[in-house]
Visitor: 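Pasting in a structure now, in structure tokens, and then I'll have a few things to ask.
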2 protein chains.
Amino acid sequence: METIPPAIPCPNQAPQCAAASISTHETMARVLQMFEPDSADQPVAAKFPVLLRRVHAGESLVHEGAPADAIFFVRLGTFKVFRIAEDGYEQVLAFAVRREVLGFEALCAASYPAAMQALEDSTVYVIPRCEIAQLSHALPSFALVLQRAGSLTLTHSRELVDILAAVASDVRLARFLIQLSKRMAACGQSPRRFLLRMGRREIASLLGVAHETVSRCFSALAAMGFLYVNDREIDILDMNGLKAFSRSTRRQTDDAPGPRHPGLVRPTARTPVRALAHPSGLMPGGAI
Amino acid sequence: METIPPAIPCPNQAPQCAAASISTHETMARVLQMFEPDSADQPVAAKFPVLLRRVHAGESLVHEGAPADAIFFVRLGTFKVFRIAEDGYEQVLAFAVRREVLGFEALCAASYPAAMQALEDSTVYVIPRCEIAQLSHALPSFALVLQRAGSLTLTHSRELVDILAAVASDVRLARFLIQLSKRMAACGQSPRRFLLRMGRREIASLLGVAHETVSRCFSALAAMGFLYVNDREIDILDMNGLKAFSRSTRRQTDDAPGPRHPGLVRPTARTPVRALAHPSGLMPGGAI
DNA sequence: CGGACTGTTGACAAACTTCAATCCGAGTGG
DNA sequence: CCACTCGGATTGAAGTTTGTCAACAGTCCG
């Protein structure tokens with residue numbers, strides 16, 4: 001199971017559905033690492049096979065405003081959630097990686113309020129909306145998975161608010177990278193070294209700054225010695241320092257009017273990123 | 001039912017629990033306007049009375065980091081959700097009004113990641129966490145209410161990301177007011193005229209700007225003729241204009257480098273707010 | 001090899017934060 | 001009852017950050 005054969009037509013899905021196969025709720029629960037599958041549920045779960053859909057890099061999973069037919073759990077890969085403004089500006093609202101739910105926000109609406117697109121080759125579990133009510137009742141563990149996944153997504157969104165509310169753009173970027181690092185760790189990858197699946201422009205849109213500013217802030221964080229940056233390769237050299245820096249807030253309510261970065265000088269150095277030597281010499285190739 | 005007698009001790013709650021009474025899931029569902037209560041559920045629902053808790057203005061509903069014992073549905077009033085940074089800065093993450101769920105983000109964690117405090121006298125339905133699994137199974141309509149409430153909260157949080165990602169601070173404020181207006185309408189109040197339950201500093205924290213900037217932006221929006229502002233009294237005079245203004249985005253991806261506000265001049269006038277006449281003469285008193 | 005795209009950096013103008021002063025209403029104590 | 005303080009809101013002035021425009025390097029692709 002869980003292999004992906006050439007192509008099985010998926011009845012309820014949009015025409016761009018490239019490839020799909022079938023899995024089970026038990027397997028899905030295990031992959032999502034939400035809980036230990038309850039053996040008592042197995043006979044019931046067997047009656048509800050789960051569609052597995054492959055989405056290629058750059059392909060849309062759902063379009064903004066499309067009827068909300070299903071929700072998805074990311075089995076593998078990365079997605080961006082975004083809206084297109086009237087004037088064409090792309091506003092990124094979230095990135096989703098393995099184990100996260102997509103489309104949960106549509107459960108209280110008739111259509112998806114935002115588009116979702118794969119940033120790399122990805123696969124998702126597809127739960128048709130019409131099955132959700134039955135599943136919730138027949139398979140209590142599914143109801144819990146859904147609650148916890150929704151809760152997790154809300155938690156991420158709240159953290160994003162915390163990121164966006166930061167004063168300075170370099171602090172925003174630092175907080176973003178730390179959140180990303182945690183999520184990489186949560187899905188089994190290295191929290192220190194990873195490859196960004198999104199471009200500067202997409203990060204800029206999420207953080208609410210100009211893409212040039214994102215570029216400059218990467219350089220600044222690197223100049224402060226927190227990071228090694230080479231294009232989309234990131235290596236966090238000083239996690240504690242980065243975290244300390246990310247805790248910089250606006251001047252506090254009233255009491256202590258101290259400097260914004262106690263004991264930490266904000267260097268104005270503008271050393272080019274590529275000139276900063278990586279401690280291990282050259283950055284190895286497949287740094288995921 | 002739904003009356004609030006003097007004081008019944010509530011077993012599972014914190015000592016600061018001021019007053020509480022008992023209601024039913026049927027009543028709760030009706031108040032939340034989530035769905036038509038299913039009469040078939042009534043016998044089951046009767047076995048699960050719902051605690052109703054009163055929270056006075058300024059009182060904390062939950063503290064940051066407290067064990068996540070329960071989730072809440074706002075029956076009446078307004079809450080702020082916030083975190084305190086190490087240096088004492090208060091970061092507001094959300095405001096919640098009637099019909100919204102509080103604490104949903106704690107379902108995937110052991111403790112509440114953020115504090116919640118009443119901004120005015122409020123009442124909430126209390127669902128102990130230990131009951132959630134049973135309720136979800138025994139009362140399918142509850143499972144749906146919870147899913148939809150969580151989904152709604154996520155939708156709000158995503159909209160907030162959209163607000164925060166706006167370039168200019170006056171656009172952020174405009175978007176914030178529009179979201180607030182919609183939520184006021186959704187809980188039965190006027191979408192045009194309302195009383196802000198939060199101070200400038202709290203709005204500023206949510207929007208990620210200085211509180212002086214919030215004040216200036218209120219003045220600017222008033223000077224543009226979109227609003228009448230007097231302290232916390234808001235009257236939206238030109239909803240379409242305000243919406244058009246709120247759609248201003250960063251310069252779009254590549255194609256049309258036109259002005260940010262097509263056909264709309266950003267006045268630099270700095271007329272004092274109190275000098276701007278309200279069309280209906282004096283602002284009437286109890287403008288909620 | 002030209003063309004398109006991404007990422008980086010510089011320069012300047014615009015927006016924002018910060019510090020500061022003022023006004024006002026609410027609460028308090030004489 | 002009134003002076004007093006306290007906190008919230010508003011506005012001004014100055015300094016800093018950031019957006020915008022522009023140029024350039026590197027990569028991918030037809």
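Reminder, nothing fancy here: chain letters follow the sequence lines and each chain counts from 1. Just so we're clear, the structure is a prediction, and the values are computed from it rather than from any experiment.
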Visitor: So does A/Thr213 get a side-chain nitrogen or oxygen closer than 4.0 Å to the phosphate oxygens (OP1/OP2) of D/dT18?
Guide: no
Visitor: Test of understanding: with side-chain contact (heavy atoms from CB on, under 4.5 Å), list the residues that count as partners of A/Arg99, not counting sequence neighbours.
Guide: A/Gln33, A/Ala186
Visitor: According to side chain to side chain donor-acceptor pair (under 3.5 Å), who are the partners of A/Ser122, at least two apart in sequence or on a separate chain?
Guide: none
Visitor: Step by step, work out the side chain to side chain contact (heavy atoms under 4.5 Å, CB included) result for B/Glu233 and B/Asp235.
Guide: CA-CA 7 Å; B/Glu233 293 175 11; B/Asp235 193 340; over 6 Å; no
Visitor: Within the pair B/Arg200 and D/dG7, is there a side-chain N or O less than 4.0 Å away from OP1 or OP2?
Guide: no
Visitor: List in chain and number order the residues that pass salt bridge (charged side-chain N to carboxylate O under 4.0 Å, His left out) with A/Arg172, two or more places apart in sequence or in another chain; answer none if no residue qualifies.
Guide: none
Visitor: Rounded off to whole Å, could you give me the CD1-to-C1' distance for the B/Ile203 and D/dA9 pair?
Guide: 11 Å
Visitor: Report yes if at least one side-chain N or O of A/Ser219 is closer than 4.0 Å to OP1 or OP2 of C/dT9; otherwise report no.
Guide: yes
Visitor: Using the test salt bridge (charged side-chain N to carboxylate O under 4.0 Å, His left out), find all partners of A/Arg232 that sit at least two apart in sequence or belong to another chain.
Guide: none
Visitor: In chain order, what residues pass the side-chain contact (heavy atoms from CB on, under 4.5 Å) check against B/Arg183, with sequence neighbours excluded?
Guide: B/Val97, B/Glu100, B/His156, B/Gln179
Visitor: Given atom CD of B/Glu212 and atom P of D/dA14, what is their separation to the nearest angstrom?
Guide: 17 Å
Visitor: Counting any heavy atom closer than 4.0 Å, what does B/Arg232 reach on the DNA or RNA strands: base, sugar-phosphate only, or nothing?
Guide: sugar-phosphate
Visitor: Report all interatomic pairs (protein N or O, nucleotide N or O of nucleotides 28-30 of chain D) with separations under 3.5 Å.
Guide:
none

Visitor: When the distance from CG of A/Leu221 to P of C/dT8 is rounded to whole Å, what number comes out?
Guide: 12 Å
Visitor: Please work out if A/Val209 contacts a base, only the sugar-phosphate, or nothing of the nucleic acid, heavy-atom cut-off 4.0 Å.
Guide: sugar-phosphate
Visitor: Tell me every residue that passes side chain to side chain donor-acceptor pair (under 3.5 Å) with A/Ser157, counting only those two or more places apart in sequence or in another chain.
Guide: B/Ser157
Visitor: Between the axis at one end of the helix from C/dC1-D/dG30 to C/dG30-D/dC1 and the axis at the other (five pairs apiece), what's the angle to 10 degrees?
Guide: 30°
Visitor: Not counting sequence neighbours, which residues clear salt bridge (charged side-chain N to carboxylate O under 4.0 Å, His left out) with A/Arg158? List them please.
Guide: B/Glu105
Visitor: Please determine whether a side-chain nitrogen of the Lys or Arg among B/Glu90 and B/Lys80 lies less than 4.0 Å from a carboxylate oxygen of the Asp or Glu.
Guide: yes
Visitor: Atom NE2 of B/His211 and atom C1' of C/dT18: how far apart are they, to the nearest Å?
Guide: 10 Å
Visitor: Counting side-chain heavy atoms from CB outward, which of C/dT18, C/dT8, D/dT20 is closest to B/Ala210?
Guide: C/dT18
Visitor: How many whole angstroms separate atom CG of B/Leu196 from atom C1' of D/dA9?
Guide: 12 Å
Visitor: To the nearest Å, how far apart are B/Glu90 CD and D/dG8 C1'?
Guide: 14 Å
Visitor: According to salt bridge (charged side-chain N to carboxylate O under 4.0 Å, His left out), who are the partners of B/Glu64, at least two apart in sequence or on a separate chain?
Guide: none
Visitor: Rounded to the nearest Å, what distance is computed from the CZ atom of residue A/Arg172 to the C1' atom of nucleotide C/dT17?
Guide: 13 Å
Visitor: Name the pairs: protein N/O against N/O of nucleotides 11-14 of chain C, kept only if under 3.5 Å.
Guide:
unit_1	atom_1	unit_2	atom_2	d
C/dA11	N6	A/Arg216	NH2	3.4

Visitor: With ring centroids as reference points, do A/Phe95 and A/Phe79 lie under 6.0 angstrom apart?
Guide: no
Visitor: Starting at atom CZ of A/Arg201, determine the distance to atom C1' of C/dT8, rounded to an integer number of angstrom.
Guide: 13 Å
Visitor: A/Ala185: what forms a side-chain contact (heavy atoms from CB on, under 4.5 Å) with it, not counting sequence neighbours?
Guide: A/Pro191
